[in-house]
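These notes concern the structure reproduced below.
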Amino acid sequence: MKPIQVGLLGIGVVGTGTFNVLRRNQAEIQRRAGRGITITMVADLDVARAQSVVGEGVQVVSDARAVIANPDIDIVIELIGGYGIAKTLVLEAIAAGKHVVTANKALLAVHGTEIFAAASAKGVMVAFEAAVAGGIPIIKALREGLTANRIQWIAGIINGTTNFILSEMRDKGLDFGVVLKEAQRLGYAEADPTFDIEGVDAAHKATIMSAIAFGIPVQFDKAYIEGITKLAAQDIRYAEQLGYRIKLLGIAKRRTDGVELRVHPSLIPAKRLIANVEGAMNAVVVQGDAVGTTLYYGKGAGSEPTASAVIADLVDIARLHTADAAQRVPHLAFQPNTFDQAKSELPVLPMSEVVTSYYLRLRVADEPGVLAKVTGILANAEISIDAVLQREADEVGGEGANQTDLIILTHDCVEARMNAAIAAMQALPTVLEPITRIRKEELA
Ligand code: HSE
């Protein structure tokens with residue numbers, strides 16, 4: 001059988017990795033796929049650089065539409081990124097009857113419903129293993145390996161940049177701003193790191209996983225997103241003294257009344273495996289009713305790890321593209337005609353309705369009755385305290401200091417109630433600075 005022909009839109013870091021791995025492992029990939037897989041055409045604005053990557057045997061053009069218009073191309077790989085021209089090109093490729101492989105989490109989290117509907121109508125596949133957690137085959141695991149399960153929750157370290165920064169903050173006791181600069185110098189953070197450090201990238205990925213896990217549409221606009229920019233080194237240190245690590249988690253949790261979809265820094269017990277995922281690595285914990293807890297770990301970014309996921313999608317398409325569309329795994333694991341009902345039965349819940357436990361740090365005047373007033377407010381709000389840590393005033397403010405840090409861990413309560421309690425505590429004249437609140441997940 002003649003090789004399946006692939007057109008590549010954008011040959012940057014991941015595109016180069018895809019080209020190199022496909023060429024290096026060509027023979028084994030062909031044995032797995034049942035036919036060869038060949039990149040025959042590449043579109044990139046920098047034609048000369050692209051040509052130097054792929055050599056003379058591959059046609060390089062600057063116009064992506066020339067790839068889409070080529071009748072010999074069976075699969076288009078979109079590695080441009082973003083919601084702009086990438087969306088137009090993906091929809092045009094689908095309209096032209098091409099299968100699409102994309103690593104574009106932003107595009108799918110925001111426009112996935114439209115893109116998957118267009119693909120289904122045209123009978124083509126849109127595959128996106130590389131969009132979540134890079135080289136970790138988490139989409140395959142959720143869509144296929146765990147298909148017997150009622151998935152209860154997913155919690156993932158799904159942004160390597162922020163995990164690198166948090167690891168460095170903990171290891172070296174440094175503040176966020178200092179570590180960010182170092183991460184940029186080392187190439188772990190981009191010149192504009194906003195999407196990573198503000199949690200947006202992780203929220204794109206959590207949104208995609210929530211759809212596959214619970215059979216709801218992608219609803220990025222409903223995700224709660226909080227990044228790591230306000231984290232202080234002292235909170236990482238106090239958390240450690242209490243037996244916890246702080247990680248940026250993407251969480252999707254099924255409840256009887258809806259779905260929690262949120263990204264924020266979280267304390268997690270230091271003894272959990274996922275708490276020990278350091279540096280730029282990614283990990284995802286999935287809890288299913290039949291399988292129990294499963295953990296997936298690996299590189300969430302990088303040239304060849306991401307290429308590994310892109311090529312897995314190419315192989316899937318090479319095997320399945322002649323199959324009846326109804327026999328293929330649905331894009332989001334559930335049959336598309338079941339999504340509307342699931343959306344009304346399982347709405348994404350507002351953050352005020354989320355139930356979790358909390359770490360609170362209060363800078364307080366070190367005088368009689370302060371602790372009693374604070375705990376009294378929590379008791380009135382029916383918020384149960386799990387642990388309290390109070391530092392010596394000298395240790396916090398230097399010798400002779402008359403203020404100190406009071407750290408409180410709570411049991412689970414609904415976020416709205418915690419918001420009201422924090423407002424009441426903040427109003428106490430003996431609470432001297434804005435209260436720090438970090439959510440806590442036991443992941444048990
Ligand atoms: N910027 C992402 C990260 C990789 O830091 O994990 C691509 O999603």
Side-chain angles (χ1 to χ4, degrees), residues 10-18 77-83 86 101-112 127-139 142 154-169 176 179-210 212 218 220 223 225-229 231 246-252 263-266 274 277-285 296-310 312-313:
I11 186 153
V13 172
V14 176
T16 302
T18 302
I77 307 177
E78 182 273 306
L79 296 175
I80 297 166
Y83 325 98
V101 174
T102 179
N104 192 335
K105 58 230 95 185
L107 178 64
L108 296 180
V110 177
H111 299 293
F128 52 94
E129 184 63 69
V132 182
I136 305 174
I138 188 65
I139 300 298
L142 287 170
I154 298 172
I157 295 171
I158 44 182
N159 182 268
T161 305
T162 45
N163 203 52
F164 174 81
I165 292 172
L166 293 176
S167 297
E168 289 289 291
M169 286 175 73
F176 171 77
V179 177
L180 173 61
K181 284 207 181 71
E182 179 67 356
Q184 284 172 311
R185 197 181 62 76
L186 294 172
Y188 283 105
E190 300 195 27
D192 178 1
T194 313
F195 264 32
D196 292 320
I197 63 178
E198 297 293 358
V200 177
D201 175 75
H204 287 144
K205 296 165 182 167
T207 298
I208 294 170
M209 290 196 290
S210 71
I212 297 173
V218 286
F220 174 72
I225 309 172
E226 184 183 312
I228 63 166
T229 55
L231 272 182
I246 299 181
K247 296 289 183 188
L248 183 72
L249 288 188
I251 296 170
V263 170
H264 50 70
S266 306
I274 192 172
V277 171
E278 300 290 3
M281 300 303 281
N282 281 199
V284 183
V285 181
Y296 309 84
Y297 170 82
K299 289 187 177 155
S303 179
E304 294 204 357
T306 312
S308 166
V310 169
D313 282 343

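Start at 1 and go down the list; that is how both ligands and their atoms are numbered. Values below: all heavy atoms of this structure, side chains included; hydrogens, waters and symmetry mates excluded.
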Practice problem: Have a look at ligand 1 and work out which part of D196, if any, has a heavy atom under 4.0 Å from it: side chain, backbone, both or neither. | Solution: side chain
Self-check item: Subset of ligand 1 atoms that lie under 4.0 Å from at least one heavy atom of D201
Solution: 2 (C), 8 (O)
Quiz item: Is there a heavy atom in K205 that sits closer than 4.0 Å to ligand 1?
Solution: yes
Quiz item: Would a distance-only check, ignoring hydrogens and angles, find a side-chain to backbone donor-acceptor pair under 3.5 Å from T306 to G134?
Solution: no
Self-check item: Short side-chain to backbone donor-acceptor contact, N159 and D201, under 3.5 Å
Solution: no
Quiz item: E78 side chain to G81 main-chain N or O, any donor-acceptor pair under 3.5 Å?
Solution: yes
Quiz item: Can you tell me if N163 uses its side chain to pair, donor with acceptor, with the backbone of L248 under 3.5 Å?
Solution: no
Exercise. Using heavy-atom distances, let me know which of A301, G160, G302, A103 sits nearest atom 4 (C) of ligand 1.
Key: A301
Quiz item: What distance do I246 atom CD1 and S167 atom OG have between them, rounded to the nearest 0.5 Å?
Solution: 12.0 Å
Exercise. Mind checking whether T162 contacts ligand 1 via backbone (N, CA, C, O), side chain (CB onward), both or neither, at a 4.0 Å heavy-atom cut-off?
Key: neither
Practice problem: Starting from atom 5 (O) of ligand 1, locate the nearest protein heavy atom and write down its residue, its atom name and how far away it is, to 0.1 Å. | Solution: T161 OG1, 2.6 Å
Practice problem: Check each heavy atom of K105 against ligand 1 and say whether those closer than 4.0 Å belong to the side chain, the backbone, both or neither. | Solution: side chain
Exercise. Kindly indicate whether the side chain of V218, heavy atoms from C-beta on, has any atom under 4.5 Å from the side chain of L108.
Key: no
